[in-house]
Protein chains: 2
Amino acid sequence: MLKSSALETSLDDGSAIKPSARQRLMDASEQLFAEHGWNAVSIRTIVAAAGVNLAALHYHFGSKEQLLSEIFTARAKPIALERIRLLSEIDLDDAPSLERILEAFLRPALTIGSDVRFGGRAFVKLRARLATEPEAVSRRILANAFDESSGEFLHALARALPEIPQAELEWRFHFMLGTMFYTMADAGRIQSLTNGRCDPGRVEDALAHIIPFLAAGFRSKPELKSTIRSRRRPK
Amino acid sequence: MLKSSALETSLDDGSAIKPSARQRLMDASEQLFAEHGWNAVSIRTIVAAAGVNLAALHYHFGSKEQLLSEIFTARAKPIALERIRLLSEIDLDDAPSLERILEAFLRPALTIGSDVRFGGRAFVKLRARLATEPEAVSRRILANAFDESSGEFLHALARALPEIPQAELEWRFHFMLGTMFYTMADAGRIQSLTNGRCDPGRVEDALAHIIPFLAAGFRSKPELKSTIRSRRRPK
DNA sequence: GACTAATACAAACGTTCGTTTCAATAAGTC
DNA sequence: GACTTATTGAAACGAACGTTTGTATTAGTC
């Protein structure tokens with residue numbers, strides 16, 4: 001019963017303080033949620049990994065859902081801030097660089113939360129999972145955290161690509177989100193298809209490929225309507 | 001207790017035969033899985049929606065997982081076949097059209113299974129969900145169904161774009177998958193961001209925008225290495 | 001040292017999960 | 001009609017779920 005406190009005090013000579021139960025719960029659940037999804041991880045698994053009592057989770061967070069929400073906002077804020085910071089370094093009034101805007105949007109999403117503790121890309125994967133989760137609660141958390149900065153980037157893209165209609169830009173922004181989330185999810189599909197040659201887990205590799213790809217898509221001239229539809233009419 | 005068979009025989013004058021319990025289970029669970037995900041839907045919800053007994057599910061399918069597997073393969077086969085059919089109509093030996101290859105890959109995925117019964121895009125969404133599901137079982141089902149045709153399309157793309165290195169092509173194929181799945185998932189994020197102007201649920205709209213976007217990305221000249229990396233070194 | 005608030009603990013709560021059992025019924029065969 | 005097979009029915013199984021309860025322990029204040 002004295003175990004944890006004894007350990008904590010015996011180590012506070014500066015070498016390695018054992019984190020608080022609250023922090024350990026957040027760390028453990030972030031990793032587990034990312035690895036297996038929210039529904040698939042029970043709170044008993046979490047408290048076992050964190051080494052705390054079952055009731056501690058509800059004491060500190062109130063509910064499993066609130067735990068997810070707190071983890072998410074704690075991670076999301078630095079990402080949104082870094083995005084805005086990188087964006088603010090770009091002069092939007094003078095034909096801003098599309099590539100720099102894309103990197104300002106993508107790099108924080110793919111890197112922040114990596115290689116800090118545990119398995120590294122835990123939060124990155126978790127976020128990608130939530131983005132395609134059907135439950136309303138997941139999407140609400142996500143929208144609250146990122147919709148504002150997304151609006152700013154749409155505006156920046158409009159400045160960089162004045163000849164692209166707004167509606168077209170919104171579609172392409174949607175496509176960019178899909179590319180980003182799928183890369184973040186690191187689902188293993190492409191690794192198995194290419195025998196590991198293509199690995200979205202190598203973040204710098206991924207960024208180096210994704211930015212030129214998306215930039216070309218964004219810059220392409222919008223097609224005249226129904227070029228696609230008309231071709232299949234005879235069928 | 002005689003309800004179902006009485007209903008069935010009384011209607012078999014050709015007007016509307018009540019489908020078998022097995023079929024009703026597949027229809028109901030396809031919709032429910034697509035809407036809420038596999039874990040989130042209990043088999044009691046399914047049998048209630050299908051109007052059958054709880055034991056009927058295990059009688060016909062053996063397990064919940066097997067039910068998912070059968071639904072998936074039943075839908076996936078027509079998609080893979082239609083992809084191959086569309087691809088076979090393209091002459092790969094003579095500078096094949098990139099746009100046609102992309103359409104052959106994307107259109108079956110976005111359309112097949114739509115507007116047949118129920119809510120229409122059920123299977124399309126379900127498949128997108130499984131693609132980002134972390135559980136191994138989901139991905140195994142998906143890989144079995146589609147990896148073969150994916151390989152053929154990678155080959156076709158290499159024919160259409162001989163100047164793009166194989167590794168680059170694989171990355172771009174990965175990005176295409178992300179764009180496709182996110183559009184199929186129809187997560188609602190972009191609708192709320194654009195007040196409904198951009199709606200991935202309108203399939204022909206989506207195809208008309210996604211194909212030129214991806215084609216431009218695929219055609220773009222591969223960047224020299226480390227253009228991106230070198231810029232952030234000072235940081 | 002007494003009092004108070006914060007945290008930890010073990011145990012149980014009621015519910016829901018996927019699955020199984022076994023008897024009852026329907027349909028098919030001879 | 002007897003016999004066999006296919007399907008359905010109601011009920012229960014054990015396990016796991018998120019959550020709550022009540023008590024013990026710690027830490028801080030006077």
Side-chain angles (χ1 to χ4, degrees), chain A residues 1-12 17-29 32-33 35-71 133 135 137-138 141, chain B residues 1-12 17-30 32-33 35-71 133 135-138 141:
Chain A
M1 54 188 85
L2 302 176
K3 181 183 43 148
S4 69
S5 88
L7 207 76
E8 199 165 340
T9 42
S10 77
L11 288 177
D12 70 359
I17 309 266
K18 184 168 186 181
S20 69
R22 184 188 159 91
Q23 190 59 49
R24 273 180 291 151
L25 280 171
M26 290 189 67
D27 291 344
S29 53
L32 289 167
F33 285 157
E35 205 63 36
H36 308 102
W38 188 70
N39 272 328
V41 177
S42 75
I43 62 173
R44 283 172 177 82
T45 305
I46 295 170
V47 298
V52 304
N53 187 266
L54 186 58
L57 193 149
H58 290 91
Y59 175 77
H60 287 288
F61 299 96
S63 72
K64 188 189 182 186
E65 179 180 326
Q66 186 64 24
L67 168 62
L68 172 66
S69 176
E70 293 208 22
I71 287 175
E133 197 87 34
E135 302 301 327
V137 47
S138 310
I141 293 175
Chain B
M1 56 186 82
L2 302 175
K3 181 183 43 147
S4 69
S5 89
L7 206 76
E8 200 166 339
T9 42
S10 75
L11 287 178
D12 71 357
I17 311 264
K18 184 167 186 180
S20 70
R22 185 189 158 89
Q23 190 59 50
R24 274 180 291 151
L25 279 171
M26 291 189 68
D27 291 343
S29 53
E30 177 179 357
L32 288 167
F33 285 157
E35 205 63 38
H36 307 101
W38 188 68
N39 272 327
V41 177
S42 75
I43 62 175
R44 283 170 177 81
T45 306
I46 295 171
V47 298
V52 304
N53 186 268
L54 188 57
L57 192 147
H58 289 92
Y59 176 77
H60 286 288
F61 298 95
S63 72
K64 189 189 181 186
E65 181 179 326
Q66 186 63 24
L67 169 61
L68 172 66
S69 176
E70 293 209 20
I71 288 176
E133 198 87 33
E135 302 301 327
V137 47
S138 310
I141 294 176

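Below, chain A is the first sequence line, B the second, and so on; all start at residue 1. From a predicted model like this one, the values you see are computed outputs, not experimental measurements. Just so it is clear, the values below take in all heavy atoms, side chains as well, and ignore hydrogens, waters and symmetry mates.
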If you look at every heavy atom in A:Leu57 and A:Leu25, which pair is closest and at what distance?
CA-CD1, 3.8 Å
Where each residue is assigned the nucleotide of DNA chain D containing its nearest heavy atom, which of A:Asn39 and B:Leu54 is assigned the position nearer the 5′ end?
B:Leu54
Looking only at D:dC17, D:dT8, C:dG18, the nucleotide nearest the B:Arg44 side chain is C:dG18
Restricting to pairs with a member in residues 47-69 of chain B, which pass side chain to side chain donor-acceptor pair (under 3.5 Å), not counting sequence neighbours?
none
With the side chain of A:Asn53 defined as its heavy atoms from C-beta on, choose the nearest nucleotide among C:dA10, D:dC17, D:dA12.
C:dA10
Contact class for A:Val47 (heavy atom, under 4.0 Å): base, sugar-phosphate, or nothing?
nothing
Just the rounded figure in Å: distance from C1' of D:dT7 to CG of B:Leu25.
12 Å
Position toward the 5' end of DNA chain C (nearest nucleotide), B:Ile43 or A:Val52
A:Val52
Check B:Ile46 against B:Leu32 and note the closest heavy-atom contact, atom names and distance.
CA-CD1, 3.9 Å
Output the distance between atom OG (A:Ser29) and atom CD1 (A:Ile43), rounded to the nearest 0.5 Å.
11.0 Å
Using a cut-off of less than 4.0 Å, is there contact between a side-chain N or O of B:Ser42 and OP1 or OP2 of C:dC17?
yes
Rounded at 0.5 Å granularity, tell me how far CZ in B:Arg22 sits from CG in B:Leu67.
9.0 Å
Residues A:Val41 and A:Gly37: closest non-hydrogen pair is CG2-O, 3.3 Å
Stretch residues 55-67 of chain A: residues that reach within less than 4.0 Å of DNA chain D through a heavy atom:
A:Ala55, A:His58, A:Ser63, A:Lys64
